[in-house]
Amino acid sequence: MPEGPTLFILQEETTRFVGQHIVSAEGNTTAIDPRELVGQPILSLQAWGKHFIIELPTMALRIHFLLFGSYQIDAHKEGRFKRLGLNMEDGGELNFYACSVKEIDADLDAVYDWSANVMSDTWNPANALKKMRASPDTLVCDALLDQDIFAGVGNIIKNEVLFRIRVHPLSTVGALSAPKLRQMVAEARTYSFDFLRWKKLFVLKANWLAHAKTICPRCNIPFSKGKFGKTQRRAFFCENCQKRYH
DNA sequence: GAAAATGTTATCAT
DNA sequence: TATGATAACATTTT
């Protein structure tokens, strides 16, 4: 379900709810009592990386879909418990399933670094470079998945970006030249918007060049596979055309 | 039907 | 204390 572009779509699809009051709420979340939400207006609905933030007068909620979460707008799933369901004053519904719900206590600006959100106008590539320069031994595969640096980048985007810029996932950040590192940062954003466009057209998977693929489309030789880095996520890469910098 | 996967976090051990 | 391994969660697809 997730990766930043998906959350971006969710945010786009729900803008009409901003300003509306919640007329009823339900769900099996233990983070909050859904009844607390009734009567409150939605102040904002925002996406930050893979987080969906619902801002209300008395609290903010963070929805995270993890690997399996899903949502329905003006519809619901049969035979599934809602983790959280909001019924709006215009009769619309916003339902979340199999996701993590968390209440955010502190001020949103204190919790979120808006410049790290790859899909946002507030994205700041210079900040990403600065964060990476602070830990040069980090593997590029870990850096791209680091939500403090590239909020919204997930495993698919990671694999596609590294293939596009011809960098081996086990390269270290510090071994990349300055232009190469800038290219990595730029491509993280560029590919995220390609992902967004393709997902909307239902052709995302058809446009994968590396992720879950077996043959390198550039070299026509088998891709290598591995589970690398702190999170041991799948890497698909070409030993021939993706250079290992270290 | 087993296994794996677009992900994170809590908990326990070192 | 900090880091690291492991489990836990929950759904859909192969």
Side-chain angles (χ1 to χ4, degrees), chain A residues 1-11 13 27-32 47-53 61-72 75-85 95-106 111-113 116-119 134-135 137-164 169 187-214 223 225-237:
Chain A
M1 155 76 213
E3 299 223 18
T6 307
L7 275 285
F8 187 93
I9 291 170
L10 169 58
Q11 203 248 107
E13 289 175 338
N28 61 9
T29 176
T30 55
I32 47 127
W48 178 89
K50 300 165 190 169
H51 297 199
F52 186 62
I53 305 160
L61 295 176
R62 186 211 72 174
I63 308 290
H64 199 303
F65 294 99
L66 291 95
L67 215 44
F68 311 124
S70 61
Y71 66 87
Q72 299 261 285
H76 63 275
K77 294 191 170 187
E78 293 298 337
R80 297 246 168 266
F81 287 111
K82 293 173 186 173
R83 176 70 23 91
L84 180 64
N95 296 313
F96 300 102
Y97 302 86
C99 58
S100 154
V101 178
K102 221 168 138 178
E103 183 176 351
I104 303 169
D105 298 317
V111 175
Y112 289 104
D113 173 0
N117 187 8
V118 176
M119 300 293 294
S135 44
D137 294 334
T138 303
L139 301 176
V140 293
C141 60
D142 280 332
L144 279 167
L145 291 175
D146 187 335
Q147 300 300 295
D148 292 331
I149 306 174
F150 297 100
V153 170
N155 205 36
I156 296 171
I157 297 176
K158 176 203 79 181
N159 282 321
E160 294 295 320
V161 165
L162 291 175
F163 179 73
R164 281 184 167 194
E187 198 57 48
R189 182 168 164 95
T190 302
Y191 183 78
S192 292
F193 281 94
D194 285 341
F195 183 125
L196 173 67
R197 195 174 72 249
W198 289 328
K199 183 157 181 78
K200 285 178 172 178
L201 297 170
F202 306 103
V203 293
L204 175 64
K205 210 170 183 176
N207 281 284
W208 287 347
L209 296 178
H211 185 79
K213 308 299 278 190
T214 53
F223 268 126
K225 285 187 285 187
K227 292 201 169 186
F228 298 147
K230 288 178 184 165
T231 51
Q232 294 287 294
R233 304 286 247 109
R234 294 194 301 170
F236 301 86
F237 58 100

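Naming: A, B, ... by sequence-line order, numbering from 1 per chain. All values reported here derive from a predicted model rather than from experimental measurement.
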Problem set entry | Residue mapping more 5' on DNA chain C - nearest nucleotide basis, A/K230 or A/C99 | A/K230
For this session: Whole angstrom is fine here: how far is it from CG in A/L67 over to C1' in B/dT8?
Result: 9 Å
Polar atom pairs between nucleotides 12-14 of chain C and protein, under 3.5 Å, N or O only, would you list them?
from   : atom 1 : to     : atom 2 : distance (Å)
C/dT12 : OP1    : A/K77  : NZ     : 3.2
C/dT12 : OP2    : A/R80  : NH2    : 3.3
C/dT14 : OP1    : A/K205 : NZ     : 3.3

Problem set entry | Interatomic distance where CD belongs to A/E3 and P belongs to B/dA5 [whole Å] | 14 Å
Problem set entry | With sequence neighbours excluded, residues passing side chain to side chain contact (heavy atoms under 4.5 Å, CB included) with A/I9 | A/E13, A/Y71, A/L196, A/K199, A/K200
Exercise. What residues, two or more places apart in sequence or in another chain, satisfy side chain to side chain contact (heavy atoms under 4.5 Å, CB included) together with A/R189?
Worked result: A/V118, A/W123, A/F193
For this session: For DNA chain B, just give me the dot-bracket, please: Watson-Crick or G-U, both distances below 3.5 Å, ( ) intra-strand, [ ] crossing earlier pairs, | paired with another strand, . unpaired.
Result: .||||.||||||||
Problem set entry | Nearest-Å distance once atom P is located in both C/dA7 and B/dA3 | 15 Å
For this session: Take the angle between the ring planes of A/F96 and A/F65 and call it parallel below 30°, perpendicular above 60°, tilted in between.
Result: tilted
For this session: Could you check how far CG of A/L145 sits from P of B/dT6, rounded to whole Å?
Result: 10 Å
For this session: Just jot down the side-chain hydrogen bond (donor to acceptor under 3.5 Å, both in side chains) partners of A/Y97, sequence neighbours excluded, or say none.
Result: none
For this session: Return the set of residues passing side chain to side chain contact (heavy atoms under 4.5 Å, CB included) with A/N117 (not counting sequence neighbours), or none when no residue passes.
Result: A/W48, A/M119, A/S120
For this session: Identify, with sequence neighbours excluded, every residue that meets salt bridge (Lys or Arg N to Asp or Glu O under 4.0 Å) alongside A/R197.
Result: A/D194
Problem set entry | Set of side chain to side chain contact (heavy atoms under 4.5 Å, CB included) partners for A/S100, sequence neighbours left out | A/R62, A/H64, A/L66
For this session: Assign A/K50 to base, sugar-phosphate, or nothing according to its heavy-atom contacts below 4.0 angstrom with the strands shown.
Result: sugar-phosphate
Please write out each protein N/O paired with an N/O of nucleotides 9-14 of chain B under 3.5 Å, distance rounded to 0.1 Å.
from  : atom 1 : to    : atom 2 : distance (Å)
B/dT9 : OP1    : A/R62 : NH1    : 3.0

Problem set entry | C/dT6 to B/dT6 separation - C1' atoms, rounded to the nearest Å | 22 Å
Problem set entry | Value in whole Å for how far the P atom of C/dT11 lies from CZ of A/F65 | 13 Å
Exercise. Quick one: A/K158 NZ to B/dA5 P, roughly how many Å, whole number?
Worked result: 11 Å
Exercise. When you compare B/dT9 with C/dT1, how far apart are their P atoms, in angstrom units rounded to a whole number?
Worked result: 22 Å
Seminar exercise, completed: Sequence neighbours excluded, the answer for side-chain hydrogen bond (donor to acceptor under 3.5 Å, both in side chains) partners of A/N28 is A/R83
Exercise. A/F81 has an atom CZ; how far is it from atom P of C/dT11, in whole Å?
Worked result: 10 Å
Seminar exercise, completed: In whole angstroms, the gap separating P of B/dT8 from CG of A/D148 amounts to 11 Å
For this session: For A/N155 and A/R234, indicate whether the former's side chain and the latter's backbone hold a donor-acceptor pair under 3.5 Å.
Result: yes
Problem set entry | Min side-chain heavy-atom separation A/P5-A/L204 under 4.5 Å | no
Problem set entry | Selection residues 143-152 of chain A - residue pairs positive for side chain to side chain donor-acceptor pair (under 3.5 Å), sequence neighbours left out | none
Exercise. So does A/K77 have more than 12 non-hydrogen atoms from other groups sitting under 6.0 Å from NZ?
Worked result: yes
Exercise. Quick one: does A/F236's side chain get under 4.5 Å of A/K213's, heavy atoms only?
Worked result: no
Problem set entry | Beyond-backbone contact of A/E160 with A/E187, side-chain heavy atoms, under 4.5 angstrom | no
For this session: Starting at atom CD of A/Q232, determine the distance to atom C1' of C/dG4, rounded to an integer number of angstrom.
Result: 12 Å
Show me the protein contacts with nucleotides 1-4 of chain B, counting only N or O atoms at under 3.5 Å.
none

